[in-house]
Amino acid sequence: MEVNLASADTENIRDEMLRRRTFAIISHPDAGKTTLTEKLLLFGGAIQLAGTVKARKSARHATSDWMAIEKARGISVASSVMQFVYGEHVINLLDTPGHQDFSEDTYRVLTAVDSALMVIDSGNGVEAQTIKLLEVCRLRDTPIITFMNKFDRESRDPMELLDEVESVLGIQCAPITWPIGMGKRFRGVYHLLRDEVLVFAPGQESREQEFERIQGIDHPELLRRFPDEMAELAEQVELVRGASHPFDLQAFLAGRQTPVFFGSAINNFGVRELLAALIDWAPPPQPREASGRMVEPAENAFSGFVFKIQANMDPQHRDRVAFLRVCSGHFTRGMRIRHLRLGRDIQVHNPITFLAQERELVEEAYAGDIIGLHNHGSIQIGDSFSQGEALQFTGIPYFAPELFRRVRLKNPLKAKQLQKGLQQLAEEGATQVFRRLQGGDPILGAVGSLQFDVVAERLRGEYAVEAVFEPVTVQTARWIEAEDDKTLADFTRKHEEQLAEDAGGRLAYLAPSRVNLDLTMERWPKVRFHATREHA
Ligand code: G4P
């Protein structure tokens with residue numbers, strides 16, 4: 001009897017896992033991420049949340065005022081993970097904050113997804129932030145679906161856009177749809193695999209409205225309505241079929257090829273096709289490496305890791321929410337799970353879940369889902385939780401900061417509080433802290449400047465420390481390892497001035513310039529300079 005129950009549960013865990021898709025949207029600011037997110041939520045029937053996305057966007061412009069930051073962050077606790085049901089599937093959409101709140105969080109969110117949706121403004125092509133985010137996806141060969149947005153406007157030539165993605169991002173493009181005209185003459189898209197034209201009509205924003213579909217590129221109705229465009233399309237399609245890569249599911253899953261769709265997010269046009277690609281092609285939760293073995297998502301025992309920590313709305317309560325990605329098993333409310341780093345069991349009474357509809361389902365979670373754990377600073381980024389076997393997940397990285405500030409105390413008597421505050425904020429992942437081997441003021445590192453504002457405000461609010469942040473001549477940092485102890489000792493002696501320890505006690509080289517870094521790397525071939533390092 002017991003055996004049957006166990007196998008029923010195993011089957012259920014497997015089915016639930018296979019229903020899930022967990023992804024993030026990556027894009028340069030203004031490419032249309034917010035708009036597309038809202039449309040995706042519409043399809044999932046989570047209309048009430050769509051407003052939240054918009055509200056958050058307007059809130060994030062005010063960065064100088066701490067309450068505004070808190071508010072923006074508070075709202076984003078609710079909207080930084082959006083879960084919705086679409087047909088048979090459960091979709092987890094993870095927000096990667098853009099704009100000035102671009103931070104290390106953005107990078108780490110990408111370690112918690114199984115695929116990504118890249119949105120490109122077709123008028124601008126590939127932009128800076130997209131390049132950065134794609135590099136991070138590369139670290140794990142994350143499969144990527146591409147959406148060429150805003151074809152209702154004058155855009156770049158579609159072939160040229162594909163060429164740019166291939167050459168700048170180094171990923172093969174397989175067009176799935178092809179635009180018919182653009183701007184005022186945008187007529188729709190042709191589905192290359194289905195031989196079907198989806199006719200564009202502006203303003204069809206609600207999910208009930210389906211766009212007109214006409215089967216066959218030489219359908220007389222199409223020729224009658226769009227005589228010029230269809231002749232042009234036939235030519236282009238021949239060219240596209242000859243010159244571009246046919247879709248190859250394996251190459252997509254390996255992160256080598258991206259299926260490309262054209263459309264207009266604001267008109268909800270082409271969004272359904274994206275969802276279909278996500279469901280049909282994007283992978284369900286993938287196995288993850290932990291403690292030297294691969295953890296399969298359908299394993300019975302629960303496991304997961306924390307990829308993000310966010311301060312809560314109320315600065316009076318130092319409550320933080322840790323975002324945990326479930327990697328295997330079945331989570332239920334009230335469950336006891338082991339916090340590996342501390343070697344302690346915790347019971348999770350009131351996890352935060354993010355399901356937009358069907359509130360009654362929030363009691364449980366499966367691989368691919370994200371749950372929020374309340375904590376008062378005991379949880380760090382990279383922490384693993386599991387049932388039974390101790391599984392420490394790997395691959396949650398710190399990224400070499402690109403911005404640096406020296407922290408100077410206004411009141412020197414507060415040195416202890418400053419140290420404590422910086423240590424905790426570093427463990428939480430809000431910033432990185434470096435201490436030079438030769439002493440002096442601590443140096444903060446970040447990838448987005450908002451991180452400094454947040455640290456300054458939180459030091460003041462939570463640790464009663466007034467600190468001044470000053471420019472410092474550090475341009476980039478690399479974590480250091482050497483082939484042998486002697487090399488490391490020689491290197492340390494020679495470059496003590498540039499060396500520092502981070503909050504985890506790792507040795508880092510703080511380079512005053514890129515040129516200096518390149519030269520130093522050239523001179524020390526036996527020293528390894530890492531641009532990322534793992535947590536814990
Ligand atoms: P983001 O989150 O990536 O930063 O971009 P967001 O969705 O906010 O879109 C940026 C701007 O581009 C918005 O205009 C939005 O309306 C517009 N947009 C998004 N998708 C499309 C599209 O398919 N076609 C056209 N023509 N425009 C699109 P805005 O004027 O900056 O903001 P708003 O006043 O419309 O909110």
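Remember, it's 1-based here, ligands and their atoms both numbered in the order they're listed.
For Ser264, heavy-atom contacts with ligand 1 shorter than 4.0 Å involve the backbone as well as the side chain. When heavy-atom distances to ligand 1 are checked against a 4.0 Å cut-off, Asp152 comes that close only through its side chain, counted from C-beta outward. Of the heavy atoms in Lys33, both backbone and side-chain atoms come closer than 4.0 Å to ligand 1. Contacts between Leu36 and ligand 1 below 4.0 angstrom, taking non-hydrogen atoms only, are absent altogether.
One N or O on the side chain of Gln257 and one on the backbone of Asp248 form a donor-acceptor pair closer than 3.5 Å. The closest donor-acceptor contact from the side chain of Arg19 to the backbone of Val85 lies at 3.5 Å or more, if one exists at all.
By the 4.0 Å N-to-carboxylate-O rule, Lys132 lies too far from Glu135 to be salt-bridged with it.
Selection from Asp30, Val119, Val271, Asp121 by nearest heavy atom to atom 1 (P) of ligand 1 gives Asp30. For atom 6 (P) of ligand 1, the nearest non-hydrogen atom from the set Thr37, Thr35, Asp95 comes from Thr35.
Between Pro29 and ligand 1, no N or O atom pair is found at a separation short of 3.5 Å. Distances between N or O atoms of Thr34 and those of ligand 1 include at least one value under 3.5 Å. No N or O atom of Gly263 sits closer than 3.5 Å to an N or O atom of ligand 1.
The shortest distance between side-chain heavy atoms of Ile145 and Ser115 does not fall below 4.5 Å.
Summarising the geometry of Val165 relative to Met118, their closest heavy-atom pair is CG1-CE, 4.3 Å, with the distance given to 0.1 Å.
A distance of 6.0 Å or more separates the ring centres of Phe151 and Phe200.
Considering Thr111, Asp114, Asn92 as possible partners of Arg325, the one that fulfils the side chain to side chain donor-acceptor pair (under 3.5 Å) test is Asp114.
Proximity to Arg153 (heavy-atom distance under 4.0 Å) selects the following atoms of ligand 1: 25 (C), 26 (N), 27 (N).
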